[in-house]
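Notes for the one structure printed next.
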Amino acid sequence: MRILLIEDDDRIARPLAEDLRHQNHVVDIANDGVEGWSYAQSALYDLILLDLMLPQLDGISLCKQLRASGYTALILMLTAKDTTTDKVIGLDAGADDYLVKPFELEELAARIRALSRRSLDAKPNVLIHGQLQLDPVACIATYADRPLPLTPKEYMILECFLRNPNQVLPRSTLRNKLWEFDKLSGEDTVKTHIANLRRKLKAVSSGNLIETVYGIGYRLNSPKSER
């Protein structure tokens, strides 16, 4: 999951981001509402963790601005304000959930899992492409019922392909989806991960599942082309 953490207190933001990264999430940090807006316009996030009290543009105003622009990512508001009125204001602004500070990291992780399950309700529970299957909830990928031992980055690349089975995905799109802005890897790194994923898929299938569209990027071959 790619997450945008908008939090102005570095003492909270850094350890929180580090914990999320240990859970194999990709995390970008914005330190104020204006920077958060800029990040949200520059990348596709699955979840935004949004502090209520932010400099330049507060969390409520930013949340309303995001929703008014058509932004559909999940938004979990983080705040020290715990009155019912404050919660109602946050939820009415467009937040999907509300977590009061201080909170345990285990509770935040559980909230993220719950929001993720909710977002999957409108999507297939298991992504299927021929004999290739990926379960986003269990984080398990298989081919012909044989498990695929993938690294977190390989798993995320495969999920990108399965969620966009008819699209050519440029290397830049994969790079921006899988790496943080301040640690962006070059396209050669993407090529390396694609090559490793191809090798693992070929070990269990009878053909090349990932096609290179020269000069553009990559796409999944149709199941009929697995030969």
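- For the pair Ser38 (side chain) and Val34 (backbone), a donor-acceptor distance under 3.5 Å is absent.
- Hydrophobic clustering keeps Val88 apart from Leu52 (ILVMFWY residues linked when any side-chain heavy atoms are closer than 4.5 Å, directly or through intermediates).
- Without hydrogens or angle criteria, His129 side chain to Leu134 main chain gives no donor-acceptor distance under 3.5 Å.
- Nearest heavy atoms, Ala141 versus Leu150: CB-CD1, 4.0 Å.
- Counting heavy atoms from C-beta on, the side chains of Leu197 and Tyr155 never come closer than 4.5 Å.
- Between the CG atom in Leu20 and the CG atom in Leu108 there is a gap of 6.0 Å [rounded to 0.5 Å].
- The hydrophobic cluster containing Met1 also contains Leu99, counting ILVMFWY residues as joined when their side-chain heavy atoms lie under 4.5 angstrom apart, directly or transitively.
- Between Leu62 and Trp37, the shortest heavy-atom contact is CD1-CB, 3.8 Å.
- For NZ of Lys191, the number of neighbouring non-hydrogen atoms (other residues, nucleotides, ligands) closer than 6.0 Å is 12 at most.
- Between the OG atom of Ser172 and the CD1 atom of Ile216 there is a distance of 11.5 Å, given to the nearest 0.5 Å.
- The distance from atom CD of Gln65 to atom CD of Gln41, rounded to the nearest 0.5 Å, is 8.0 Å.
- Counting heavy atoms from C-beta outward, Glu7 and Leu49 have side chains that stay 4.5 Å or more apart.
- Side-chain contact check for Leu16 versus Ile29: every heavy-atom pair is 4.5 Å or farther apart.
- Between Arg113 and Asp97 there is no salt bridge, since no side-chain N of the basic residue sits under 4.0 Å from a carboxylate O of the acidic one.
- Residue Leu169 comes nearest to Phe161 through the heavy atom pair CD1-CD2, 3.6 Å, listed as atom of the first residue, atom of the second, then distance.
- Hydrophobic clustering of Ile, Leu, Val, Met, Phe, Trp and Tyr side chains at less than 4.5 Å, counting indirect connections, unites Ile75 with Leu57.
- In this structure, Arg21 contributes its side chain and Val27 its backbone to a donor-acceptor pair below 3.5 Å.
- Linking ILVMFWY residues whenever their side-chain heavy atoms come closer than 4.5 Å, directly or via other members, leaves Leu162 and Val213 in distinct clusters.
- When each of Leu5, Leu4, Ile6 is checked for a side chain to side chain contact (heavy atoms under 4.5 Å, CB included) with Leu50, only Ile6 meets the rule.
- Looking only at distances, a side-chain donor or acceptor of Ser205 sits under 3.5 Å from a matching main-chain atom of Leu201.
- Of the possible polar contacts, one joining the Arg198 side chain to the Ile210 backbone as a donor-acceptor pair under 3.5 Å is found.
- Distance alone, capped at 3.5 Å, places no donor-acceptor pair between the Asp51 side chain and the Leu54 backbone.
- The two residues Ala109 and Gln23 have their closest heavy-atom pair at CB-OE1, 3.8 Å.
- Residues Leu148 and Glu154 are not in side-chain contact: their nearest non-hydrogen atoms beyond the backbone lie 4.5 Å or more apart.
- Counting heavy atoms from C-beta outward, His25 and Leu47 have side chains that stay 4.5 Å or more apart.
- Residues Glu159 and Leu127 have side chains in contact (heavy-atom distance under 4.5 Å, counting atoms from C-beta outward).
- Between Asp32 and Pro55, the shortest heavy-atom contact is CB-O, 3.4 Å.
- With contacts defined as side-chain heavy-atom distances shorter than 4.5 Å, the pair Tyr71/Ile48 qualifies.
- Considering every non-hydrogen atom in both Cys63 and Ala93, the closest pair reads SG-O, 3.5 Å.
- Asp96 places no side-chain N or O within 3.5 Å of a backbone atom of Leu76 that could act as its donor or acceptor partner.
- In the hydrophobic cluster analysis, where Ile, Leu, Val, Met, Phe, Trp and Tyr join through side-chain heavy atoms closer than 4.5 angstrom, Leu115 is grouped together with Leu105.
- The distance from atom CZ of Arg175 to atom CD1 of Ile157, rounded to the nearest 0.5 Å, is 13.0 Å.
- You'll find the side chain of Tyr218 reaches within 4.5 Å of the side chain of Leu174, heavy atoms only.
- Within a 6.0 Å radius of NZ in Lys200, other residues, nucleotides and ligands contribute more than 12 heavy atoms.
- Using a distance-only test at 3.5 Å, with no hydrogens or angles considered, a donor-acceptor pair links the side chain of Arg111 to the main chain of Tyr98.
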